[in-house]
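Heads up: the structure comes next, in structure tokens.
Quick note on labels: first sequence line is chain A, next is B, and so on, each numbered from 1.
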Amino acid sequence: MSKKVRVRFAPSPTGALHLGGVRTVLYNYLFAKHHGGEFILRIEDTDQSRYVPGAEQYIYDCLKWCGLEPDESPTHGGPYAPYRQSERKPMYLQYAQKLVDEGNAYYAFDTAEELEQMRNGHGQYDAKKRGSMRNSLSLSAEEVAALKEQGVPYVVRIKMPENETLYLEDMVRGELSFNTSLVDDKVLLKADGMPTYHLAVVVDDYLMKITHAFRGEEWLPSAPVHILLWKYLGWEQDMPLWAHLPLILKPDGNGKLSKRDGDRLGFPVFPLGWTDPKTNDYSAGYKEIGFLPQAFVNMLAVLGWNDGSEQEIFTLDELVQKFQIDRVHTTGAKFDFEKAKWFNTQWIMHTDVTVLAEMAVPFLKEKGVTANAEYLAKVITLIKDRCHLLTDVYTQGAFFFTTPETIDESAIKDKWNEVKQTFFKQWMEGFTALATWDVATLEQNFNDAVAAAGIKKGEVMLPLRVMLVGGKHGPGVFQIAELLGQEETVKRINNALVVL
RNA sequence: GGCGCGUUGGUCAAGCGGUUAAGACGCCUCCCUUUCACGGAGGAAUGACGGGUUCGAUUCCCGUACGUGCUACCA
């Protein structure tokens, strides 16, 4: 590629960034970095009525958590600042003016009621209808001047040509064509002087020297407006290459994945926790339920893309290296939370225990557990294979931190007897003679005690486990005892012997 | 309604005219583990439909169906 690759993610701060948005960020980022280019974050806040406080900060937080930091953004700065469209308002005006002056756009004075009436029966504001509407094409120059003088609100609309075919070479979908008669004269500049998405995206992509533009496929129908704008503004040579990304769909049924689906089916659709400022509803994110950011990113990357090999687990660096935009799928993918969890399981298994220990701390703290890093790392070494989420460090390892308050008596009571009671007492008495307290010594000692008592090992293994952990689960029982230490092991066996 | 985009097992998907149609998740069976997981072995399950083109279509073309997106002074 001749020009330096520059891509942008351009969200509207109208709510929490969801899965699909993060995936768009990711593909932008991967593409840019794969080509040694730059990744820009631009905030598209042209609709003041939909602005949600906190949403912009949320975007920064998510990108940071995912490790997808932009090279230029409102907070990182950059040579094309400002990166917030609301702060670029004056820039758009001159281009709207240019379009009007050159006859490619016009002023429209129609009221909401007039528009509604026009649309009755699927009408659209186009070459056929605009003659009967109140605009600078149908009105005389004097009338237009008078209306503006009176302060009648107006918008600027693009003048779509009648029955022309426009072509678009999409990096994902190949060649697409559109008939200009099928899209109406979109508003470019609103009555408040703010641009709509259509004008703003073209102007900013041009001014920011964007070379490749990625967006969701919901934008496909308005692509002809943008192509035309690039032409009308005389920038055709600089138009970025487009790629329209497939949607992420709900797991059951069809349709775009929404927050409601997540609530209904029990999984998050946001990366991080989010409190809706309007309703005060809190939704936990992937971070809060115990996902590793690497797993989250990995899972999103392969939801709509793969490198053609059987590899499924990728680090960010590998993704950067292997990502190719033409291998992005054209079909929307249904989201599968079970598979998402599998990615996290894989990442937990392959992540260093000291790193995991650090990440697990807040989850344990939430449960009132504090443990020193060394001990925690040892615990995680034993239980990491059975953890799917970071929250499982607690659910799988709680007994390492606190003495079980109750034990699953039903698991052993039926076959409990005096012989076993005596066995455990005698076994514990032998502890004081033990030179070391480790797995090998313990097990050997246990085996000897079993032989001396003349009982089967199998009969006392499960009881021992239940005494130590409270139930029929967990890693090797002697490994548990080793980590617990002699004092705690004795304490737990004694506690159990009392209730049995 | 109009237009765009799409359609390989339940889900994610490989494949790019000739294959026993990969692999993964989930499910089932067995093994391992004197627990539970992890792991291992195996299993069930797939080309929307109808026409072409071709010696040969999952693969190319056209219809139909279905799905989905857009059709705002929202992005």
Side-chain angles (χ1 to χ4, degrees), chain A residues 10-15 44-47 49-50 85 108 110-112 115-116 119 121-125 153-157 168 170 172-173 176-179 181-184 186-198 200-201 215-224 244 246-247 249 251-256 299 302-313 327 329-343 345-346 349 383-388 392 396 408 411 456-466 468-469 471-477 480:
Chain A
S12 292
T14 54
E44 307 221 327
D45 55 349
T46 54
D47 186 357
S49 66
R50 290 214 308 161
Q85 288 183 331
D110 314 281
T111 62
L115 287 171
E116 199 183 330
R119 289 205 182 90
H122 308 296
Q124 62 175 17
Y125 213 122
Y154 65 92
V155 298
V156 173
R157 284 181 181 272
L168 170 67
D170 187 281
V172 174
R173 291 157 203 275
L176 306 169
S177 64
F178 305 88
N179 186 311
S181 293
L182 299 165
V183 342
D184 62 4
K186 295 288 181 201
V187 170
L188 301 178
L189 205 65
K190 300 183 251 189
D192 65 1
M194 272 291 190
T196 58
Y197 171 83
H198 306 296
V201 74
R215 47 158 53 156
E217 70 172 331
E218 68 269 26
W219 288 108
L220 226 29
S222 56
H244 289 89
L247 267 16
L249 311 172
D252 56 345
N254 295 298
K256 223 157 87 169
M299 172 275 285
V302 297
L303 194 62
W305 169 88
N306 72 69
D307 73 342
S309 76
E310 287 183 15
Q311 185 172 352
E312 291 200 273
I313 304 300
R327 287 202 62 92
H329 308 142
T330 48
T331 317
K334 286 184 185 172
F335 182 70
D336 182 353
F337 184 57
E338 288 305 318
K339 181 91 186 213
K341 273 201 294 196
W342 176 81
F343 279 101
T345 308
Q346 295 298 310
M349 285 198 292
I383 63 169
K384 66 186 292 195
D385 283 354
R386 62 203 72 215
C387 292
H388 304 293
D392 290 333
Q396 295 292 333
D408 181 7
K456 284 184 193 146
K457 190 181 176 186
E459 289 182 54
V460 280
M461 281 293 279
L462 186 63
L464 176 58
R465 166 175 299 284
V466 174
L468 297 184
V469 319
K472 297 186 284 185
H473 58 271
V477 73
I480 295 171

Same-atom distance (P) from A14(B) to A24(B), integer angstrom
15 Å
Distance check, C1' atoms only: U46(B) and G1(B), in whole angstrom units.
35 Å
Restricting both atoms to N or O, compile the protein contacts to nucleotides 18-28 of chain B shorter than 3.5 Å, with distance only.
| residue | atom | partner | partner atom | Å |
| --- | --- | --- | --- | --- |
| A24(B) | O4' | Glu312(A) | OE1 | 3.0 |
| A24(B) | O2' | Glu312(A) | OE1 | 2.5 |
| A24(B) | O2' | Lys339(A) | NZ | 2.7 |
| A24(B) | N3 | Lys339(A) | NZ | 3.1 |
| C25(B) | OP1 | Trp342(A) | NE1 | 3.2 |
| C25(B) | O2' | Lys339(A) | N | 3.4 |

Rounding to the closest angstrom, what is the interatomic distance between G9(B) and A48(B) at atom P?
7 Å
Return the nearest nucleotide to the side chain of Met349(A); candidates are A75(B), C38(B), A14(B).
C38(B)
The side chain of His329(A) lies closest to which of these nucleotides: G4(B), A14(B), C73(B)?
A14(B)
Among U34(B), U35(B), C5(B), find the nucleotide with the atom closest to the side chain of Met461(A).
U34(B)
Take atom CD of Gln396(A) and atom P of U35(B), then tell me their distance rounded to the nearest Å.
16 Å
What is the distance, rounded to the nearest whole Å, between atom CZ of Phe335(A) and atom P of G10(B)?
20 Å
What is the distance from NZ of Lys334(A) to C1' of G9(B), rounded to the nearest Å?
13 Å
For the side chain of Thr330(A), starting at C-beta, report the closest nucleotide among A37(B), U35(B), G6(B).
G6(B)
Between C70(B) and C61(B), how many Å separate the two C1' atoms, rounded to a whole number?
27 Å
Under a 4.0 Å N-O cut-off, is there an ion pair linking Lys339(A) with Asp336(A)?
no
Let me have RNA chain B in dot-bracket notation, would you? Count Watson-Crick plus G-U wobble pairs, both distances under 3.5 Å, and use [ ] for pairs crossing earlier ones and | for inter-strand partners.
((((((((.[[[..)..(....]]].(((((.......)))))....[[[[[..)....]]]]])))))))....
Every protein N/O within reach of nucleotides 65-71 of chain B N/O, cut-off under 3.5 Å:
| residue | atom | partner | partner atom | Å |
| --- | --- | --- | --- | --- |
| G67(B) | O3' | Asn254(A) | ND2 | 3.4 |

note: Lys472(A), atom NZ; A37(B), atom P; distance rounded to Å ~ 11 Å
Using atom CZ of Phe343(A) as one end and atom C1' of U11(B) as the other, report the distance to the nearest whole Å.
12 Å
Taken to the nearest whole Å, NZ/Lys341(A) to C1'/U11(B) is 15 Å
Measure the distance from CD1 on Ile313(A) to C1' on C12(B) and round it to the nearest whole Å.
13 Å
